[in-house]
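The structure appears below as structure tokens.
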Amino acid sequence: MANIRKKTKFTVYLDPDVTRSLADFAARRDQSQSMIAEAAIASFLSPDDAERREAVVAKRLDQLDRRMARLERDVGIAVETLAVFVRFWTTTTPALPEPAAQAARALASKRYEAFITALGRRLAKGPKLRQEISEEVDTAGAGHEAEG
């Protein structure tokens, strides 16, 4: 006959909140509280538990790092786009004489509303500017930035 190991009774004191959580969890899983507690203690004492947790944290940190890199790229694109536009606009748009400037200000509100509408459509449907720009940095383009 095989030697059957008998489990040892172990008494612990738990906070009422932990006791309720254990009871609720056991009821939802349709398992005994003893089995849930045993599995939790075994997991906590497992030598690879720390390695498993470290792997999960490392994976999450890698995901966050990739998201931060994309965010940095997107913000860089936005800043450079604005800078190029402002430079282009200021160098190509002459100052208007006062009568023409007053007429331009009168149309500014309508033009701004049209811009906002177009921007809203673009954001809703895409493609996004960041999707149109290559993921790879153009080394030839980097030389042109230094010239400008």
Side-chain angles (χ1 to χ4, degrees), residues 1-95 104-148:
M1 188 161 42
N3 185 8
I4 300 175
R5 294 183 358 188
K6 186 176 179 184
K7 292 188 176 187
T8 305
K9 182 177 179 179
F10 187 73
T11 304
V12 296
Y13 295 97
L14 302 173
D15 274 350
D17 291 341
V18 174
T19 302
R20 277 190 295 277
S21 294
L22 177 61
D24 291 344
F25 187 82
R28 281 194 313 271
R29 302 285 183 179
D30 196 27
Q31 301 289 330
S32 71
Q33 290 182 31
S34 178
M35 192 197 80
I36 302 288
E38 180 181 359
I41 292 168
S43 175
F44 185 80
L45 297 176
S46 170
D48 65 335
D49 183 56
E51 294 169 7
R52 188 171 46 240
R53 280 192 226 160
E54 184 178 337
V56 168
V57 169
K59 181 180 177 184
R60 183 69 175 140
L61 287 173
D62 287 344
Q63 291 171 346
L64 290 172
D65 186 50
R66 285 191 300 276
R67 286 182 184 168
M68 287 296 296
R70 282 192 305 268
L71 184 60
E72 286 176 2
R73 176 184 175 271
D74 292 350
V75 168
I77 289 170
V79 168
E80 288 301 315
T81 301
L82 180 61
V84 168
F85 172 77
V86 169
R87 178 177 285 165
F88 176 79
W89 187 82
T90 56
T91 57
T92 60
T93 306
R105 281 191 289 274
L107 291 175
S109 177
K110 290 180 183 178
R111 293 176 68 195
Y112 181 74
E113 288 300 322
F115 168 75
I116 293 299
T117 302
L119 180 62
R121 277 194 310 269
R122 172 105 178 189
L123 290 174
K125 293 187 222 178
K128 307 290 188 265
L129 176 64
R130 64 183 165 85
Q131 294 168 330
E132 294 177 6
I133 296 175
S134 173
E135 290 288 330
E136 298 298 319
V137 175
D138 181 15
T139 55
H144 294 296
E145 288 177 12
E147 295 170 10

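Sequential numbering from 1 along the given sequence is applied to the chain's residues.
We find the CZ-CG distance between Arg29 and Asp24 to be 12.5 Å, quoted to the nearest 0.5 Å. Summarising the geometry, atom CE belonging to Met68 is positioned 14.5 Å from atom CD belonging to Gln63; distances are rounded to the nearest 0.5 Å. Rounded to the nearest 0.5 angstrom, Arg70 CZ and Asp65 CG are separated by 10.0 Å.
Ala40 is linked by a side-chain contact (heavy atoms from CB on, under 4.5 Å) to nothing, counting only residues two or more places apart in sequence or in another chain. With sequence neighbours excluded, the residues forming a side-chain contact (heavy atoms from CB on, under 4.5 Å) with Thr92 are Phe88, listed by chain and number. Under the salt bridge (Lys or Arg N to Asp or Glu O under 4.0 Å) criterion, Asp48 pairs with Arg52, not counting sequence neighbours. Applying the side-chain hydrogen bond (donor to acceptor under 3.5 Å, both in side chains) test to Lys7 and every residue at least two apart in sequence or in another chain returns Glu38. Residues forming a side-chain hydrogen bond (donor to acceptor under 3.5 Å, both in side chains) with Arg67 (at least two apart in sequence, or on another chain): none. For Gln31, there are no side-chain hydrogen bond (donor to acceptor under 3.5 Å, both in side chains) partners two or more places apart in sequence or in a different chain. Residues passing the salt bridge (Lys or Arg N to Asp or Glu O under 4.0 Å) test with Arg60, sequence neighbours excluded: none. Every residue two or more places apart in sequence or in another chain that forms a side-chain contact (heavy atoms from CB on, under 4.5 Å) with Val79 is listed here: Val75.
A donor-acceptor pair is defined here as one N or O able to donate and one able to accept, closer than 3.5 Å; such a pair exists between the side chain of Thr81 and the backbone of Ile77.
Applying the salt bridge (Lys or Arg N to Asp or Glu O under 4.0 Å) definition to pairs two or more places apart or across chains, those involving residues 104-114 are Glu98-Arg105.
Summarising the local packing, CD of Gln33 is surrounded by more than 12 heavy atoms from other residues, nucleotides or ligands at distances under 6.0 Å.
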Per-pair distances, 0.1 Å, donor-acceptor, side chain in residues 9-22, under 3.5 Å, sequence neighbours excluded:
from	atom 1	to	atom 2	distance (Å)
Asp17	OD1	Arg20	NH2	2.3
Thr19	OG1	Asp15	O	3.0
Ser21	OG	Asp17	O	3.1

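Minimum heavy-atom separation, Ala26 to Ser32: CB-C, 4.1 Å.
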